[in-house]
Number of protein chains: 2
Amino acid sequence: MSARQVTLAEVAKQAGVSLATASRVLNGSTRQVSGDLSDRVLRTAEELGYVPNASAQALARNSSSLVGLVVHDITDPYFSCIAAGVTRVAEEAGLVVVLGTTGRRPEREAELLSTLRAHRARAVVLAGSRTTDRAAQSRLAAEIDAFTEQGGRVACVSQAKLGTDTVVPGNRAGGRALARALTELGHKKFAVLGGPSELVVARDRLAGFKAGLNDAGIAPPVVVNGAFTRDGGYEAAMELLASKSRATCVFAVTDVMAMGAMAALRERGVRIPDDMSIAGFDDIPTLRDTVPALSTVRLPLEEMGEIAAGLVLDGGGDEARTVRVAGEVVLRASTAHN
Amino acid sequence: MSARQVTLAEVAKQAGVSLATASRVLNGSTRQVSGDLSDRVLRTAEELGYVPNASAQALARNSSSLVGLVVHDITDPYFSCIAAGVTRVAEEAGLVVVLGTTGRRPEREAELLSTLRAHRARAVVLAGSRTTDRAAQSRLAAEIDAFTEQGGRVACVSQAKLGTDTVVPGNRAGGRALARALTELGHKKFAVLGGPSELVVARDRLAGFKAGLNDAGIAPPVVVNGAFTRDGGYEAAMELLASKSRATCVFAVTDVMAMGAMAALRERGVRIPDDMSIAGFDDIPTLRDTVPALSTVRLPLEEMGEIAAGLVLDGGGDEARTVRVAGEVVLRASTAHN
DNA sequence: GCGTGGCGGGAAAGCGCTTTCCAGCGCTGC
DNA sequence: GCAGCGCTGGAAAGCGCTTTCCCGCCACGC
């Protein structure tokens, strides 16, 4: 086993041409190669089953065909949708995506970036949410600098990081619009299941929601914080229930959290939407089919991944670009008139 | 911008040692290096922000730190769970996972494998399902050979491919056990929402299910085939409904299909489980929280990913190993007595 | 005293490519 | 008729690392 790999040199020799010529034929260069030599090379490469050594190419060209993708948790539909968008674009561009997962540990983000830098990835999209953790942020910023310094591009999804391309969803606007829509249903008392307080995404959505309530002259909501996960939503909802809040409508800052919250409500015999309306944010596909279907703010997640990948792969200018994508309020069966 | 990357040579020079010494210090070799030299190298590496060039290392060592992961669709919870398991193990081993998606096109699998081979990935886990498509299969087999030939290891999830390590779920046994459990609920007439007929996974589950019905002396089910997706399940269910079948219980060979099917049933006013019981297969996490919760055969998906990654990374012998994981029938609210 | 080993350090030969530079050659233009 | 040009092919110099080999040094043992 372990028969050595066919090298360019072997192909060249077999075809009776120089290394340079073989290289030019097999990996499009600006230079022309005459038809018959070219044919011969192509044919022997085929016969020998030649596959170029990507590491060697990367080394010689000083650039690789790797694109990094950093997410917190690939099982979270929010991230897997974005991942699908990113991989689609990357694969179309003939690139290969390397997936890094942080498990929501802020320091992992910087570590992964460093690894990606070691691999001379040509670009990376960071889909993890920004935290307000000072230390982790500055370490990350340093890594981002080092990465771009080295010629790589980085784009962030859902977090405005200085100096990088960004696709930012209308978190604040979405939260606000949702609040308005919900107040129009007649609700007067709201609760919010917020994410960890250091997550900027969570804060923005919450801030927008509060602003929306304020627009409608409604009192600020009760806020219960929980982890950005299904279980976080479950626990936050339990806590809310225990607090004897009089809210008739609850906004979970994430669909995934809403899912956990709904489970908690059901478990406690709270009927949705009869006893309590609930809305989320993201519009992850699986929750469109649940009963009741979840009201939410739709974000074009796959498209966001595509945009991010596009930003990071199209060469781009020196200016950091920002693409805003709007969230669209979708009221479904989980919210009722009050 | 694009300040050149710090190289080992620069570190060595700055620290006043030879390239060899620097290399030995920074990338553990069998050779010893005296304490003070070692310190000096470490310190200057730190100061200069040295990060080894992974491509160069791969080239010099003739082995990379890449692990491939091939799935059909990363947004499908089935695959994203497996992916989570694989990445966890890989990252713990200090490796980097490259994610390839086939979009369910059989030929992409071979293409991706070839790309992975170009990158000299040290291993790859194939989570796509095996088809009976002759051409694609033999092309894939050739790529697998080439890959292992070159020293890489490959493991498959859920498909026994000759000569590779495999983790195979008890598809047949699971289907059979499920059939038994459902007949015990009193159902007599069954329908199956099968996957595309060329998918081996789908066929195995179906075959097991039929065997289970047979065990109980029940007539074979009506089978409607559909795509292995939510929409496939939706359409298959619609077709089933249109066929005026008298089935009181339907088995979707995949949870994801069951999800679509439930949506279809609901849309047609069929109450679950009162009018129709439904069960799936896989036990994807999101469907545990739906109403009604889906009866299914639980597969430890993340664990399967971990096992596959483990098989492929632990060196392993020459023998192809097979790890069987059992499915466990979990009856929930979507199935009722009849 | 000198030969033997063992050990830490460095020089240098690759790893498989890309790309620059040069050589040769057939043309064109004056 | 010849300088000059454009074009194709090849030799060879890297790319940044690992690893083999060799050398000098020291501690021993006889």
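First the proteins, then the strands, lettered A, B, ... as listed; each starts at 1.
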Does a side-chain heavy-atom distance below 4.5 Å link A/I82 with A/V71?
no
What is the distance from CG of B/L19 to C1' of D/dT19, rounded to the nearest Å?
11 Å
Whole-Å gap separating C1' (C/dG16) and CG (B/N53)
14 Å
Rounded to the nearest 0.5 Å, how far does CZ of A/R321 lie from OG1 of A/T164?
10.5 Å
If the condition is salt bridge (Lys or Arg N to Asp or Glu O under 4.0 Å), which residues does B/R24 pass it with, not counting sequence neighbours?
none
Could you tell me how far apart A/E10 (CD) and C/dC15 (P) are, to the nearest whole angstrom?
11 Å
With the side chain of B/S23 defined as its heavy atoms from C-beta on, choose the nearest nucleotide among C/dG16, D/dG16, D/dT19.
D/dT19
If the condition is salt bridge (Lys or Arg N to Asp or Glu O under 4.0 Å), which residues does A/R40 pass it with, not counting sequence neighbours?
none
Given D/dG16, D/dT19, C/dG10, which nucleotide is nearest the side-chain atoms of A/L59?
D/dG16
Quick one: list whatever passes salt bridge (Lys or Arg N to Asp or Glu O under 4.0 Å) with B/R120, sequence neighbours left out.
none
In whole angstroms, how far is the P atom of D/dC15 from the NE2 atom of A/H119?
21 Å
For nucleotides 20-27 of chain D, read 5' to 3', which letter fits each nucleotide if B means a protein heavy atom sits under 4.0 Å from the base, S means only the sugar-phosphate is that close, and - means neither?
BB------
Check the phosphate of D/dT18 against B/N27, side-chain N and O only, distance under 4.0 Å to OP1 or OP2. Yes or no?
yes
Side-chain N or O of A/Q57 versus OP1/OP2 of C/dG16: is the shortest distance under 4.0 Å?
no
Taking the side chain of B/T21 as its heavy atoms from C-beta onward, which of D/dG9, D/dC17, C/dG9 lies nearest to it?
C/dG9
With A/T101, which residues qualify under side-chain hydrogen bond (donor to acceptor under 3.5 Å, both in side chains), at least two apart?
B/E91
Hits for side-chain hydrogen bond (donor to acceptor under 3.5 Å, both in side chains) against A/T115, two or more places apart or cross-chain, chain-then-number order -> none
Regarding the side chain of B/P52, the nearest nucleotide among D/dC17, C/dC15, D/dT8 is D/dC17
Does the side chain of A/S34 get closer than 4.0 angstrom to OP1 or OP2 of D/dG9 through an N or O atom?
yes
d(NZ, B/K13; P, D/dG16) in whole Å
13 Å
Winner on side-chain proximity to B/A60, out of C/dC15, D/dC15, D/dG9, is C/dC15
State which residues pass side-chain hydrogen bond (donor to acceptor under 3.5 Å, both in side chains) with B/S34; sequence neighbours excluded, sorted by chain then number.
B/D36
Could you tell me the separation between the CD atom of B/Q32 and the P atom of C/dG9, rounded to a whole number of Å?
9 Å
Five-pair end axes of the helix from C/dG1-D/dC30 to C/dC30-D/dG1, angle between them (10°):
50°
Side-chain donor-acceptor pair present, A/Q5, A/N53, cut-off under 3.5 Å:
no
For B/T102, enumerate each residue passing the side-chain hydrogen bond (donor to acceptor under 3.5 Å, both in side chains) test, keeping only those at least two apart in sequence or located in another chain.
B/H72
How close or far is atom P of D/dG10 from atom CG of A/L8, stated in whole angstroms?
13 Å
When rounded to whole Å, the CZ to P distance for the pair B/R61 and C/dA13 reads 22 Å
Any side-chain N or O of B/Q5 below 4.0 angstrom from OP1/OP2 of D/dG16?
no
